[in-house]
Amino acid sequence: MSAMRDRLTDALYGAGWSTVKKLPAPVAAALGQRIADTAWRRRGKGVLRLEANLARVVPDATPQRLAELSRAGMRSYMRYWMESFRLPTWSEEQVRRAVDIKDIDRLTDTLAAGRGVVLALPHLANWDLAGVWATRALGVPFTTVAERLEPESLYDRFVAYRESLGMEVIPHTGGSAFGALARRLRSGGLVCLVADRDLSASGVEVDFFGERARMPAGPALLAQQTGALLLAATLWYDDASTMRGQIHPPVDVPASGTRAEKTAVMTQALADAFAGGIAEHPEDWHMLQRLWLADLETPGGPA
């Protein structure tokens with residue numbers, strides 16, 4: 001049964017990449033919205049978890065407001081998938097028109113000076129589109145990591161897809177991945193990491209919307225070890241055709257403290273930047289899994 005489920009999952013994603021990218025943009029957008037609304041009405045685990053997460057982000061929201069946010073959130077999530085399936089067919093001009101990032105000079109000026117940059121993002125809007133914009137519109141190549149997915153064939157699809165968009169993808173395999181990223185940064189390169197959820201034992205505890213959560217230590221550790229600049233970025237959908245973004249002020253390495261203490265301070269700074277962007281655009285935060293420690297410690301309930 002497990003092998004059959006894996007084959008079905010891989011086939012469904014394969015159909016998405018092969019079929020959706022051929023659809024006219026309005027048709028793909030309408031299809032994504034219908035899928036999102038159907039999933040929202042079914043009230044599955046992902047939708048329930050999204051609402052539970054949004055309740056932390058918007059604590060004064062009424063049940064009706066939370067339902068509206070979760071519906072908008074599912075539409076935003078499906079927009080991410082529909083765009084991602086279609087990205088390989090987009091021209092450079094389409095990519096340029098689709099993205100507008102404030103304070104991008106914080107990133108480009110640093111790279112131009114020969115210093116590496118670690119760019120950390122939460123699961124907001126479409127980080128794949130932002131990556132394509134960086135490679136095609138800015139001409140800035142970058143390296144990222146990919147979590148191992150099941151089945152292996154699905155993981156291979158994701159890696160091949162992102163590499164076709166100009167990204168260098170390194171498997172998330174612990175120390176070897178860290179070393180490869182560090183080498184890119186020491187040579188003045190850009191490393192982009194989605195960094196608002198870490199369920200491993202090495203995650204750093206942070207205060208996130210008033211409760212404890214765990215986020216990856218990697219961005220802060222890479223900046224400390226390589227001298228790269230650490231930046232947070234947040235993204236959001238502005239209208240039917242544009243994704244906006246903000247590069248936040250640099251997260252400096254503290255002047256004193258142990259490595260663990262410095263990492264904790266820097267990771268909390270990232271969490272604060274993420275929280276600001278998520279609070280402004282909660283409907284674009286695609287967090288359909290458990291995040292806060294209180295939820296992870298509670299048996300049962302939505303995933």
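Note that this is a predicted model, so its numbers are computed, not measured.
Side chains of D284 and Y77: a donor-acceptor N/O pair is absent below 3.5 angstrom, by distance only. Looking at W285 and D196, their side chains do bring a donor and an acceptor atom within 3.5 Å of each other. Counting only N and O atoms by type, the side chains of T263 and Q224 include a donor and acceptor under 3.5 Å apart. A donor-acceptor contact under 3.5 angstrom links the side chains of D103 and Q246, judged on distance only.
Put simply, the side chain of E168 never gets that close to the backbone of T144: no donor and acceptor are under 3.5 Å apart. A side-chain donor-acceptor contact under 3.5 Å links R212 to the backbone of E205. Side-chain atoms of R106 come within 3.5 Å of backbone atoms of I247 as a donor-acceptor pair (strictly under, hydrogens ignored). A donor-acceptor contact shorter than 3.5 Å links the side chain of T135 to the backbone of L165.
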Next on the checklist: As a quick check of understanding, evaluate side-chain contact (heavy atoms from CB on, under 4.5 Å) for V145 and V194, giving each step before the final call.
Outcome noted: CA-CA 9 Å; V145 297; V194 180; over 6 Å; no
Item to check | Derivation of the side-chain contact (heavy atoms from CB on, under 4.5 Å) call for M82 and I35 | outcome: CA-CA 11 Å; M82 291 296 158; I35 294 172; 3.9 Å; yes
Item to check | Trace of the side-chain contact (heavy atoms from CB on, under 4.5 Å) decision for V99 with T242 | outcome: CA-CA 6 Å; V99 180; T242 307; over 6 Å; no
Next on the checklist: Apply side-chain contact (heavy atoms from CB on, under 4.5 Å) to residues L129 and S84 and explain how you reach the verdict.
Outcome noted: CA-CA 7 Å; L129 173 55; S84 295; over 6 Å; no
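Residue A294 comes nearest to E211 through the heavy atom pair CB-OE1, 4.0 Å, listed as atom of the first residue, atom of the second, then distance. Nearest heavy-atom pair, V47 versus A39, reported as atom, atom and distance to 0.1 Å: CG2-O, 3.6 Å. Of all the heavy atoms in M266 and A223, the pair that sits closest is CE-CB, 4.0 Å. Nearest heavy atom pair, residue P122 against residue I278, reads CB-CD1, 4.4 Å. Nearest heavy atom pair, residue P282 against residue L54, reads O-CD2, 3.5 Å. Shown here for G73 and H286, the closest heavy-atom pair between the two residues is O-CD2, 4.2 Å.
For the pair R56 and W292, the cation sits on the ring face: its NZ or CZ lies under 6.0 Å from the ring centre, inside 45° of the axis.
Here S76 contributes atom OG and L69 contributes atom CG; the two are 11.5 Å apart, rounded to the nearest 0.5 Å. A distance of 14.0 Å separates CD of E283 from CE of M74, quoted to the nearest 0.5 Å. Rounding to the nearest 0.5 Å gives a distance of 14.5 Å between CZ of R96 and CH2 of W90. Here the straight-line distance linking atom NZ of K22 with atom CZ of R86 works out to 12.5 Å at 0.5 Å rounding. Of the inter-residue distances, the one linking I101 atom CD1 with T108 atom OG1 reads 12.0 Å to the nearest 0.5 angstrom. Rounding to the nearest 0.5 angstrom, the gap separating the CZ atom in R115 from the OG1 atom in T110 is 6.5 Å.
Around atom CD of Q64, no more than 12 heavy atoms belonging to other residues, nucleotides or ligands sit under 6.0 Å away.
In this structure, the side chains of E261 and P254 stay at 4.5 Å or more apart for every pair of heavy atoms. The side-chain heavy atoms of W127 and M243, taken from C-beta on, include no pair separated by under 4.5 Å. Annotation: side chain of P219 is in contact with side chain of L270 (closest heavy-atom distance under 4.5 Å). At least one side-chain heavy atom of R43 sits less than 4.5 Å from a side-chain heavy atom of L48. You'll find the side chain of L107 reaches within 4.5 Å of the side chain of L190, heavy atoms only. Counting only heavy atoms from C-beta outward, the side chains of M215 and V204 never approach each other to under 4.5 Å. The closest side-chain heavy-atom distance from D128 to Y80 is below 4.5 Å. The closest side-chain heavy-atom distance from V117 to V191 is not below 4.5 Å.
Of the charged side-chain nitrogens involved, none lies within less than 4.0 Å of a carboxylate oxygen, so that R65 and E51 do not count as a salt-bridged pair. Salt bridge D295/R49: present, at least one basic N to carboxylate O contact under 4.0 Å. With respect to the salt-bridge test (charged N to carboxylate O, under 4.0 angstrom), the residues R214 and D198 do not qualify.
Screening residues 32-42 for salt bridge (Lys or Arg N to Asp or Glu O under 4.0 Å), with sequence neighbours left out, gives D37-R71, D37-R75.
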Side-chain donor/acceptor pairs under 3.5 Å, residues 228-237, sequence neighbours excluded:
unit_1	atom_1	unit_2	atom_2	d
T234	OG1	H248	NE2	2.9
Y237	OH	E83	OE1	2.9

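Note on V206 and V265: separate hydrophobic clusters, where clusters join Ile, Leu, Val, Met, Phe, Trp and Tyr whose side-chain heavy atoms are under 4.5 Å apart, directly or indirectly.
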